Structures are given as structure tokens and as C-alpha cells.
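What follows is a set of notes on a single structure, which appears directly below.
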Amino acid sequence: MIDNHDSVKLDPQPEILVAEGLRKSYGPRKALHGLTFSLKAGRILGFLGPNGAGKTTSIRILTTMMEPETGHFTVDGIGSEHPEQIRRRIGVLPENLGFPRQMTGLEYLLYFGQLYGRTRSEAKENALTLLEDVGLHQRAKSLIGSYSHGMRQRIGIARALVNDPVVVFLDEPTLGLDPRGQAELLELVQRIARERNTGVVLCSHLLAEIENVCDDVVILNVGQIVARGSVAEVIGRVQQNIVLRNALRVQVPPDSIRDARQLLETMPNIMSVTPVGELEGWLRLELVPPHNGGLVKAHQMNNKILSALIRAKIPILGFEVEGGRLQDVFLHLTEDAIK
Amino acid sequence: MSNVQNVQKVSVNKLKVSEKATPTWWLVFRRELTDLWIGGKAFNLVLIYSLLLGGMVYIYSFNTELSLIPPKEAVYEMLKNAMAVAMFVGLIIGADAFSGERDRATLESLLLTPANRRQIIVGKFLAAFSIWPAAYVIAIPYLYVLAQGDAVLSPALFWGAVTGTVLVIGYTGVGMLVSFWSSTHKVS
């Protein structure tokens with residue numbers, strides 16, 4: 001016999017997290033105005049927004065730590081009216097999570113494994129596998145107090161996976177990590193989604209990394225969703241408005257910067273050429289705004305610029321239309337909040 | 001068909017809770033007990049308690065006026081003091097139960113588990129209460145010295161155990177209630 005819960009699993013990419021019209025206020029201030037989105041199994045959803053946009057409130061509601069005023073959500077088909085059952089199906093790494101310093105990594109995972117209803121032997125077996133997965137097997141018997149920040153984030157992720165969750169919520173998991181630590185942790189997040197077929201909700205301010213790692217994105221601003229969809233869709237939808245600003249970036253070798261600058265400054269329709277960072281060799285070009293059919297004309301201009309550089313035998317190491325990155329989309333959509 | 005069966009099997013395995021699983025209250029109790037006694041907090045408080053009792057017994061025995069108090073009165077006076085200190089220690093440990101964890105940011109991960117909230121409270125309460133049996137055992141030799149062979153010792157120990165248990169339960173509970181409603185450990 002198949003009950004409702006199991007029937008959800010028959011779809012190869014079922015929606016494992018569905019939020020509909022979630023609202024929450026703190027006194028007169030509305031923190032969330034009808035949050036609606038969904039997440040499919042095995043996909044990573046970037047949850048973005050400036051400070052105070054409602055990200056933490058959303059995460060606290062979806063992890064059953066807070067009740068919404070109105071609205072409903074389901075996790076793996078279980079409704080928000082069953083918080084205990086939802087907690088069995090989710091894993092959470094809260095921002096600034098504290099760790100018991102006197103426990104070893106193994107003891108920590110063993111304790112939480114047992115709290116989720118595993119026997120001691122099952123919990124130990126699972127803990128050892130998780131420690132291996134997050135690359136901490138060699139420090140399994142070291143006290144957590146002796147772990148580096150990156151290792152603590154890893155043990156936090158292992159704890160979030162201790163119940164084989166269908167959805168994992170990671171709130172700023174890369175906060176305070178060095179670039180290598182950030183890259184390794186994001187790779188781990190990708191592995192979790194792909195290998196375990198787990199849905200991941202990832203809150204972060206590292207937009208470039210989010211763009212590379214996430215499949216879908218939800219951008220919140222002042223408690224409202226301002227963009228939602230796959231990363232490519234969101235960028236594409238917003239890009240046209242931003243391209244009309246007519247700016248682009250070109251990267252050339254540092255020793256060719258002067259030649260490139262001289263060449264580009266003599267070209268028509270280029271208002272200014274300014275170095276973005278001398279070391280990286282990036283130049284920012286601001287173009288004269290086109291009058292009609294702006295997007296087409298902008299593309300023609302881009303081609304002319306590239307052709308000129310190629311003819312002058314200046315190597316082009318990179319080329320970006322401003323507005324073509326998630327960061328540009330984010331800044332455009334949350335402009336009011338940032339001001 | 002086989003694929004469908006496999007998918008269902010994975011789903012069921014994911015949500016399986018073992019019937020032989022250890023009860024939550026016992027897990028929390030054991031962990032709190034380790035934190036309290038191995039972590040050193042309870043040990044330090046009991047050491048202070050022990051020194052206080054030692055000081056009181058010394059005064060009762062060697063102070064010219066207090067040493068004239070009959071053993072019966074001295075024993076009950078000492079028992080009252082021992083219970084008062086144990087109640088205070090219970091209050092302090094109870095007050096740390098939730099707000100202390102909140103301050104250390106470890107409470108959220110506990111509340112994010114499906115563990116029954118009542119069982120978490122019971123586990124924490126029993127660990128905080130564990131200070132009383134230790135305090136009671138430590139007080140026995142001091143009371144023995146003050147009793148000087150008087151028959152008052154046995155009834156005093158009996159009534160001390162009964163009243164002390166009730167009072168320490170009450171005070172530890174009050175400490176935990178305050179801790180539960182306090183946003184930080186400083187408040188509680």
C-alpha cells in the first residue's frame with residue numbers, strides 16, 4: 001500500500017518543499033509578505049536578499065522554529081501543522097551555530113543521531129560515514145574545541161545530514177571562511193544535492209559562488225520575492241533593463257592595459273574607459289546610451305569593441321556585459337533596500 | 001515497477017526510527033551530566049559548598065558560644081544551612097539550563113531535532129538535580145561530627161533527605177523556568 005507521502009516520491013524530481021503565501025510581522029513591521037516558492041529534490045536553491053529582507057524569518061518558519069501568521073508549507077508532502085514530522089525530514093545549519101567544545105566530532109554526531117531515533121550502533125556507523133563524507137574522519141576523535149572554523153562548519157553540515165534529510169537549510173555556511181574553505185564547502189554542498197538527491201536551500205551573500213553552485217534562486221527584498229526561477233531565467237529576465245545602462249568589462253593582460261585603453265578611448269560611442277583593477281587587467285567601458293532598439297545596438301557595439309581589440313592584437317582574457325551576472329541582478333533588484 | 005519499489009524503499013529507510021532507540025530524556029540527561037561534572041562546573045560548586053560546610057562546622061565546634069549549643073540544635077541548624085546552599089546551587093544550575101545554551105548557540109540545534117520537548121526538559125532537570133544527592137552525601141560526615149553520637153543523627157538525615165529533595169526540586173524548577181523565559185544567561 002502506498003500512502004500519500006510515498007506517492008510523492010514516484011516523480012523523479014518531486015517538489016519536496018512547497019511554501020505558499022507565508023506572512024509574518026514583528027509588531028507593525030511586516031517581515032514577510034506572502035512568500036511562495038518551491039524546491040525540487042536534488043536541486044540547490046539560492047536564497048538571497050539584503051540584510052533585513054526576511055531571509056532568516058523565512059528559514060526559521062520553514063524549519064518550524066517559528067509559526068507563520070498565515071500561509072502554509074509542506075516538506076516531503078508533510079504539512080506545516082506537523083512540525084515534529086517535518087523536523088524528522090529536514091537538516092539545518094543555522095548561522096553562527098555553537099558547538100559543545102568538550103565533545104569530539106564523533107560523539108557530537110553520535111548524540112544527534114540518537115536524538116533522531118537511531119540506535120547507538122546505527123548512529124555510530126552513520127556518524128563515521130558522515131565524517132568521511134565531510135573530510136573529518138581523521139579528526140573524528142578530536143575535541144570540537146580544537147577544530148578550525150572551517151572544520152566546525154563541516155561538522156555542522158554533517159550534523160544537518162545525520163537524519164538523511166530530504167531538505168537541508170544552510171544559513172551562511174561560508175561565512176568567515178577563507179577562499180579555499182569557501183570553495184571546498186560549496187563543492188560539498190553540491191555533492192550533497194547530487195549524490196543524496198537532497199534539496200538544498202542555501203542562504204549566502206557570496207553571489208558569484210551562488211551563481212556557480214545554485215540551480216534556482218529566490219531573491220527577497222523587504223519581505224517580498226522580487227525574482228524567482230532558475231539562475232539563468234532570473235538573470236535573463238532582469239538583464240535587459242540593466243544592459244540599457246550600457247556598460248561592459250574587458251580583461252586584457254596587465255601589460256596591454258595602456259594600449260587597450262588608448263585604443264578604446266578613440267572609438268566612437270564610448271564615454272569612458274576606467275580600470276577596474278590594474279592587477280587583474282579589467283577595464284570598465286561606459287557606452288553612449290542607444291536611442292532605439294538599445295539591446296541590438298549594444299550588441300553591435302560589443303562586437304565592434306572586440307573586433308578592434310583583436311585587430312590591434314591585444315589578447316582578450318575576459319569579457320562581461322554588465323548586468324549579465326547574478327550580482328548585477330541582485331544589486332538592481334534590491335537597489336531600494338541598499339539605498 | 002522495480003524502480004518504483006526501489007524509490008519507495010529508500011523513502012521508508014530514510015524515515016525509519018529504531019524501536020530500540022534510547023529515550024530522549026536519558027540522552028539529554030547523560031550529556032548534561034557529563035557537561036556538569038566532567039566539564040567542571042558542578043565539581044567547582046560542590047567544592048565551594050564543601051568548604052562552606054567545613055567552615056560552618058569549624059565555627060560550631062570551636063567558637064566558645066556556639067559550641068555550647070546542644071548537638072540536636074547544631075545538627076538541624078547545619079542541615080538547614082546545607083539545604084540552603086544546595087538549593088542555591090540547584091537554582092544556579094537550573095538557571096543555566098536553557099539560557100546558557102541559548103548564549104552558547106547550542107540550544108537551536110537541539111530544538112531542531114524531533115526530540116520531545118518534555119523529555120528534553122526532564123533530562124536537563126534531572127542533570128541539574130544531580131547536585132543534591134552529592135551535596136547530601138558530602139553533608140553526612142559534617143553532621144556526624146556535630147551530632148557527637150547523639151540519636152538525633154538518623155531522624156535528621158531522614159528528614160533532611162525528604163525536605164531537601166522537595167526544596168531542591170522546587171528551586172531547580174524555578175531556576176529552569178526563569179532560564180526558559182530569559183533571553184540570555186545574564187538575565188537568568
Side-chain angles (χ1 to χ4, degrees), chain A residues 1-3 5-12 14 60 63-65 76-78 82-103 107-108 110-123 156 159-160 162-166 169 171 196-198, chain B residues 1-43 98-120 123-124 184-185:
Chain A
M1 187 177 159
I2 302 170
D3 63 15
H5 164 60
D6 280 338
S7 64
V8 175
K9 291 277 173 189
L10 302 180
D11 185 342
R60 288 184 70 78
T63 56
T64 73
M65 297 302 284
D76 203 21
I78 307 293
H82 304 291
E84 198 186 311
Q85 288 185 48
I86 285 180
R87 284 197 287 272
R88 285 197 184 282
R89 289 161 171 83
I90 60 169
V92 189
L93 175 68
E95 191 182 352
N96 300 323
L97 176 68
F99 295 93
R101 300 176 66 86
Q102 298 97 338
M103 275 177 132
E107 284 169 351
Y108 183 63
L110 195 59
Y111 174 61
F112 277 96
Q114 287 181 286
L115 280 176
Y116 277 96
R118 292 183 192 271
T119 62
R120 192 178 163 80
S121 56
E122 284 169 0
R159 190 201 57 76
V162 93
N163 55 326
D164 290 328
V166 289
F169 295 87
D171 198 357
R196 292 172 171 259
N197 201 34
T198 303
Chain B
M1 185 67 192
S2 62
N3 278 345
V4 170
Q5 281 170 344
N6 286 341
V7 171
Q8 285 168 359
K9 200 174 172 184
V10 169
S11 172
V12 171
N13 282 343
K14 272 190 170 183
L15 308 172
K16 202 173 100 180
V17 176
S18 174
E19 286 172 8
K20 292 176 187 169
T22 317
T24 300
W25 71 267
W26 177 250
L27 288 169
V28 175
F29 169 64
R30 231 175 39 192
R31 196 208 136 186
E32 293 286 322
L33 210 60
T34 313
D35 272 2
L36 265 179
W37 291 95
I38 310 283
K41 189 176 177 182
F43 181 77
F98 292 101
S99 54
E101 279 222 54
R102 211 174 276 142
D103 277 359
R104 294 187 290 275
T106 50
L107 184 65
E108 196 168 350
S109 49
L110 186 60
L111 297 179
L112 281 165
T113 67
N116 184 292
R117 303 294 198 249
R118 275 187 205 153
Q119 292 206 31
I120 292 174
K124 280 180 171 287
T184 73
H185 184 44

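Convention: sequence-line order gives letters A, B, ...; per-chain numbering from 1. In this text the structure is predicted, and so the values were computed from the model without any measurement.
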**Message:** Could you walk me through whether A:Tyr111 and B:Val28 satisfy the side-chain contact (heavy atoms from CB on, under 4.5 Å) test, starting with their C-alpha distance in whole Å, then the side-chain angles of each, then the deciding distance to 0.1 Å, before giving a yes or no?
**Reply:** CA-CA 9 Å; A:Tyr111 174 61; B:Val28 175; 3.8 Å; yes
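- Of the inter-residue distances, the one linking B:Thr34 atom OG1 with A:Gln102 atom CD reads 10.0 Å to the nearest 0.5 angstrom.
- Distance check: A:Arg101 CZ to B:Thr106 OG1 gives 12.5 Å after rounding to the nearest 0.5 Å.
- Here B:Arg31 contributes atom CZ and A:Glu107 contributes atom CD; the two are 10.5 Å apart, rounded to the nearest 0.5 Å.
- Between A:Phe112 and B:Ser109, the shortest heavy-atom contact is CE2-O, 3.5 Å.
- If you measure heavy-atom distances from A:Pro94 to chain B, the contacts under 4.5 Å come from the side chain alone.
- Using a 4.5 Å cut-off between heavy atoms, B:Leu107 makes no contact with chain A at all.
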Begin from the C-alpha positions of B:Thr113 and A:Val162 and carry the test side-chain contact (heavy atoms from CB on, under 4.5 Å) through to its verdict. CA-CA 10 Å; B:Thr113 67; A:Val162 93; over 6 Å; no
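- Comparing B:Glu101, B:Gln119, B:Glu108 by how many heavy-atom pairs each has under 4.5 Å with chain A, the most go to B:Glu108.
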* Asked: Please walk me through it: do B:Leu111 and A:Met65 pass side-chain contact (heavy atoms from CB on, under 4.5 Å)?
  -> CA-CA 8 Å; B:Leu111 297 179; A:Met65 297 302 284; 3.7 Å; yes
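- Residue B:Arg117 qualifies as enclosed at atom CZ: its count of foreign heavy atoms under 6.0 Å is above 12.
- Contact tally against chain A (heavy-atom pairs below 4.5 Å) for B:Pro114, B:Ala115, B:Pro23: the top residue is B:Pro114.
- The minimum heavy-atom distance linking A:Gly117 with B:Ala21 is given by the pair O-CB, 3.3 Å.
- Of the two parts of A:Thr64, neither the backbone nor the side chain holds a non-hydrogen atom closer than 4.5 Å to a non-hydrogen atom of chain B.
- Atom-to-atom distance recorded for A:Asn163:CG and B:Leu112:CG is 10.5 Å, nearest 0.5 angstrom.
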Exercise. Going through the checks in order, is the side-chain contact (heavy atoms from CB on, under 4.5 Å) test met by A:Gln114 and B:Arg30?
Worked result: CA-CA 12 Å; A:Gln114 287 181 286; B:Arg30 231 175 39 192; 4.1 Å; yes
